[in-house]
Amino acid sequence: MPRVLAENIEFTRFTMTTGLLYDPVFLEHDTGKGHPECPERLSRTIQHLQGLPWFDALHHYTSQPVDRKWLHEIHDEEYLKRAEESCLAGEHFLDSMDVAICEKSFTVALHAAGGMLRLGDEVIKGNIKNGMGLVRPPGHHAERSMALGFCLINNVAVLARYLQKQHGLEKIVILDWDVHHGNGTQHTFERDPAVFYISVHQYPFYPGSGAWSETGTGRGEGATLNIPMPHGAGDADYEEAFREMILPAIDTFEPAAILVSAGFDAHADDPLANISLSTLFYGWMTGKVMEQADKHCDGRIISVLEGGYDLSALPRCVEQHLELLSGQH
């Protein structure tokens, strides 16, 4: 077989297995001038990705509004009604001063959650091997009845419950490498032994949860693993955590899918935290998660964007993540 033809086959085989969810509607969530969780996070990232030679080979998906019944699995109806009414009324904040909103914010949040369910469907059906949702607003701080930390709807939690109930997945890992602990996700699943929540994050730090001692409650005892990192931790510290705790825990749990709350705010350049990961290390973490996914769940990884607030570092980190997922590295 000619070398060029063989290379083309190899290129197709690897790049056509990764999905990317993005929709311009996500830019309509206006958080106001100077807010770190701004539309430019996505517009700059997409612009960067579009310049990469493998971007067009990804499977591209747009969003859709989520069926509200799936939100009720995670959030109280009273909260959802309050959130929607606050946005439509043109209020500037929801529940706390750190959740900035505009008239369109709730609609955008519905599209973010719905888009992630669409991506989940595509992975489970086998149309793609893995995928990433470039969505906003982020979600992992959102509690059952309260918006928190830039988050309105807990996208990864809604997706996990959907995969359980709609597709019958018995065991799911949620790996959260955002620099902030995902309090909302932990609280949602802390009693559920079928969802293993793993978080590596700066501690003590916002939102104050995520201590070693938080390991789940009731039947979910042992299905939460928190790995608090000190101020200034870097690649070597995270690599040790992966090799000694995270990867063995996933290996033992044997999940049917791995979801990643992919925050990129543990990067050394991020202005909101004090962890010093390099850009390339996000590729290393992705590769290690892929090894576990290939071993246990046919490569099924679905990641959703959480934090990441340096407008130069974020696009490069997302590039590393997608480059590994799509087999380009």
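Nothing here was measured: the structure is a model prediction, and the numbers come from that model.
Ring pair Tyr203/Trp212: centre-to-centre distance not below 6.0 Å.
By the 4.0 Å N-to-carboxylate-O rule, Asp76 lies too far from Arg82 to be salt-bridged with it. Under a 4.0 Å N-O distance rule, the pair Glu239/Arg243 qualifies as a salt bridge. Salt-bridge annotation for Arg41 and Glu37: present, with a side-chain N of the basic residue lying under 4.0 Å from a carboxylate O of the acidic one. Using a 4.0 Å cut-off between charged side-chain N and carboxylate O, Asp30 and Lys104 make no salt bridge. Residues Lys288 and Glu291 are paired through a salt bridge, judged by an N-O separation under 4.0 Å between the basic side chain and the carboxylate. Salt bridge status for Glu84 with Arg68: present, with a side-chain N to carboxylate O gap under 4.0 Å.
Taking each heavy atom of Ala223 and Asp192 in turn, the nearest pair found is CB-O, 4.0 Å.
In terms of modelled atom types and a separation under 3.5 Å, the side chain of His181 and the main chain of Pro228 share no donor-acceptor contact.
Each of Ile227, Ile246, Thr286 was compared with Trp177 under the side-chain contact (heavy atoms from CB on, under 4.5 Å) criterion, and only Thr286 meets it.
Judged by distance alone, the side chains of Ser105 and His29 do bring a donor and an acceptor atom under 3.5 Å apart.
The side chain to side chain contact (heavy atoms under 4.5 Å, CB included) search around Thr215 returns Glu221, not counting sequence neighbours.
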